[in-house]
Amino acid sequence: MDNNKAHWENIYSSKQSNEVSWTQAVPEASLALLHDINPAKNAAVIDVGGGDSTLADFLLKEGFTNITVLDISAAALNRAKARLNGDANSITWIETDILEFIPGRCYDIWHDRAAFHFLTTTQEVEQYVKLAERSITPGGFAIIATFAENGPEKCSGLIVKRYNAQQLAEVFGKGFTIIGSVYQQHVTPFNTQQRFLFSVFKKL
């Protein structure tokens, strides 16, 4: 097991949802942006770094039928499956590091809240963007959420790369056009605040 995977397996095996900063009872910003895009209910949606996020729960409730959740941590995915119970069978679960992901299909909606910002080298960032370009259908969308430029410098003990809207648009600029960006003050389970940037891109 590599160090990155071991780190996240340890986090999800040793901490409950109310003990990690990224937990959201309702992923309001993500859902609002998805509603703005207004995809068909059979659109292929992938939640990259979804872990035990409740986004899949809400998408199922809204009638989405083609949902994939990808995460490096088996413990995180197993926690989500246990929460969803029988509904978990309606979702495709992929346990892998995003940089090692070999997609067997394309996706209409690529959602990533707080996985991308853990990629801190130019090589990692470029590899991710190329993967997204290959994996999203033409005319499809990417919703990318990172810590904002004045957000936390670390998460879960790891250094992150923070962005403003222009910087994130430049990173995804070749294969995508930016639709818009919004900022969100995320309130953690510890009642602290973290400033996030959510940007929506359309695949060219």
Side-chain angles (χ1 to χ4, degrees), residues 1-13 15 20-22 27 30 44-53 55-56 66-81 91-138 140-149 151-164 167-176 178 194 196-204:
M1 186 183 299
D2 65 37
N3 291 338
N4 195 30
K5 180 171 177 58
H7 174 85
W8 291 110
E9 294 293 7
N10 178 61
I11 291 293
Y12 280 104
S13 297
K15 295 180 181 292
V20 293
S21 64
W22 53 86
S30 298
V45 181
I46 184 169
D47 189 12
V48 174
D52 67 343
S53 163
L55 179 63
N66 195 346
I67 304 165
T68 298
V69 178
L70 180 151
D71 201 89
I72 194 172
S73 169
L77 296 177
N78 288 336
R79 186 185 294 178
K81 292 176 188 178
I91 294 172
T92 299
W93 305 93
I94 300 176
E95 177 194 340
T96 188
D97 185 318
I98 185 58
L99 295 184
E100 297 176 1
F101 179 41
I102 302 174
R105 58 170 307 174
C106 285
Y107 299 91
D108 303 306
I109 306 288
W110 175 289
H111 174 270
D112 177 342
R113 175 184 175 268
F116 176 70
H117 66 198
F118 285 105
L119 306 179
T120 57
T121 71
T122 299
Q123 180 180 352
E124 289 173 336
V125 169
E126 290 178 350
Q127 186 176 342
Y128 180 105
V129 173
K130 288 178 181 177
L131 174 63
E133 289 176 356
R134 293 196 308 268
S135 305
I136 300 172
T137 55
F141 295 88
I143 300 171
I144 307 293
T146 71
F147 282 150
E149 69 272 26
E153 296 180 355
K154 288 186 175 182
C155 180
S156 185
L158 301 176
I159 294 173
V160 300
K161 188 173 178 64
R162 300 176 296 175
Y163 293 89
N164 61 37
Q167 290 168 335
L168 199 59
E170 288 174 354
V171 167
F172 284 85
K174 291 182 179 180
F176 298 85
I178 188 164
Q194 298 176 334
F196 271 82
L197 168 69
F198 283 76
S199 293
V200 180
F201 299 92
K202 186 171 184 178
K203 172 72 181 300
L204 299 174

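Taking the centre of each ring, F141 and F201 stay at or above the 6.0 Å mark. If you look at Y163 and F172, their ring centroids are not closer than 6.0 Å.
Side-chain atoms of K5 do not come within 3.5 Å of backbone N or O of D97 as any donor-acceptor pair. With hydrogens and angles ignored, the 3.5 Å screen pairs a side-chain donor or acceptor of K203 with a backbone N or O of E133. Between the side chain of S73 and the backbone N or O of A75 there is at least one donor-acceptor pair closer than 3.5 Å. Panel note: side chain E126, backbone Q123; no donor-acceptor pair is recorded below 3.5 Å.
Y107 and W110 have perpendicular rings, their planes meeting at more than 60° on a 0 to 90° scale where under 30° would count as parallel. Classified by interplanar angle (parallel below 30°, tilted 30° to 60°, perpendicular above 60°), the ring pair F118/W8 is perpendicular.
Across F147, W22, Y128, a single residue satisfies ring-ring contact (aromatic ring centres under 6.0 Å, His included) together with H117, and that is F147.
If you take CZ on F116 and OG on S199, they are separated by 10.5 Å, rounding to the nearest 0.5 Å. How far CD of E170 is from CD1 of I178: 10.0 Å, rounded to the nearest 0.5 Å. A distance of 5.0 Å separates CD1 of I67 from CD1 of I91, quoted to the nearest 0.5 Å. Between the CG atom in L131 and the CD1 atom in I98 there is a gap of 5.0 Å [rounded to 0.5 Å]. Atom NZ in K161 sits 10.5 Å away from atom CG in L168 (nearest 0.5 Å). In this structure, R79 CZ and D71 CG are separated by 10.5 Å, a value rounded to the nearest 0.5 Å.
In this view, P27 and Q24, S30, L31, T54, L55, F58 satisfy the side-chain contact (heavy atoms from CB on, under 4.5 Å) rule, not counting sequence neighbours. Here A74 pairs with E9, N78, E95 under the side-chain contact (heavy atoms from CB on, under 4.5 Å) rule; sequence neighbours left out.
Heavy-atom contacts from other residues, nucleotides or ligands closer than 6.0 Å to NZ of K202 number 12 or fewer. Atom CG of L99 sits in a crowded spot, with more than 12 heavy atoms from other residues, nucleotides or ligands closer than 6.0 Å.
Sorted pairs that involve residues 113-124 and meet salt bridge (charged side-chain N to carboxylate O under 4.0 Å, His left out), not counting sequence neighbours, are lacking altogether.
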